[in-house]
Amino acid sequence: MQEISIRIQIASIIGSVTFLFFIGRLILKGKLREEYAIVWLVCTVVLVVFSFWRDGLRVLAELLGVFYAPSLVFLASIFAIVIFLVHLSLVVSRLQKQIKQAAQELALLKSSHPQKENG
């Protein structure tokens, strides 16, 4: 049983460190914006910490009064997803206003400068 546990820990360490390097590459290539990069880096560092600290989830669950430690992972994941969705909704709303304003300004520019007819 101990050997299986160590294999799982090694696999989780390799997976979380690989994910950390993947996020780092996305940041360096400029494919991930800074505001999202911080969130992803924090989440990845948490994964790395819990990969090395085997009893961390149990200790954290006891501190928070959670009876079943793995349910804390689901609770934290759901909370993070909801917060991220609210953030994305705010971004989409702001972009929608900007697009509407840009379209209105473009329409005004086109109406004030009629194009010459060819012919």
Given the rule that I, L, V, M, F, W and Y join up when any side-chain heavy atoms are under 4.5 Å apart, are V92 and L85 in one cluster?
no
Distance from L20 atom CG to C43 atom SG, nearest 0.5 Å?
11.5 Å
Shared hydrophobic cluster for V46 and L32 (ILVMFWY, side-chain gaps under 4.5 Å):
no
Provide the full list of side-chain hydrogen bond (donor to acceptor under 3.5 Å, both in side chains) pairs with a residue in residues 58-74, sequence neighbours left out, each pair given once.
R58-E62
If you look at every heavy atom in S51 and S12, which pair is closest and at what distance?
OG-O, 3.3 Å
Holding to side-chain contact (heavy atoms from CB on, under 4.5 Å), I want the full list of residues that pass it with Q101, two or more places apart in sequence or in another chain.
E105
Indicate, with yes or no, if V91 and V39 share a hydrophobic cluster defined by side-chain heavy-atom contacts under 4.5 Å among Ile, Leu, Val, Met, Phe, Trp and Tyr.
no
From the options Q96, K97, Q98, select the one residue that forms a side-chain contact (heavy atoms from CB on, under 4.5 Å) with R94.
Q98
Please round to the nearest 0.5 Å and tell me the distance separating atom CG of L26 and atom CH2 of W40.
10.0 Å
Can you tell me how far apart CG (L60) and CZ (F50) are? Round to the nearest 0.5 Å.
5.0 Å
When rounded to the nearest 0.5 angstrom, what distance separates CD in Q9 from CD1 in I14?
11.0 Å
Given I83, L75, V82, the one that forms side-chain contact (heavy atoms from CB on, under 4.5 Å) with F79
I83
Distance check, rounded to the nearest 0.5 Å: F84 atom CZ versus S89 atom OG?
10.5 Å
Do I27 and F22 share a hydrophobic cluster (ILVMFWY, side-chain heavy atoms under 4.5 Å, transitive)?
yes
Roughly how far, to the nearest 0.5 Å, is CG of L47 from CD1 of I13?
12.0 Å
Side chain to side chain, V48 and F52, heavy atoms closer than 4.5 Å
yes
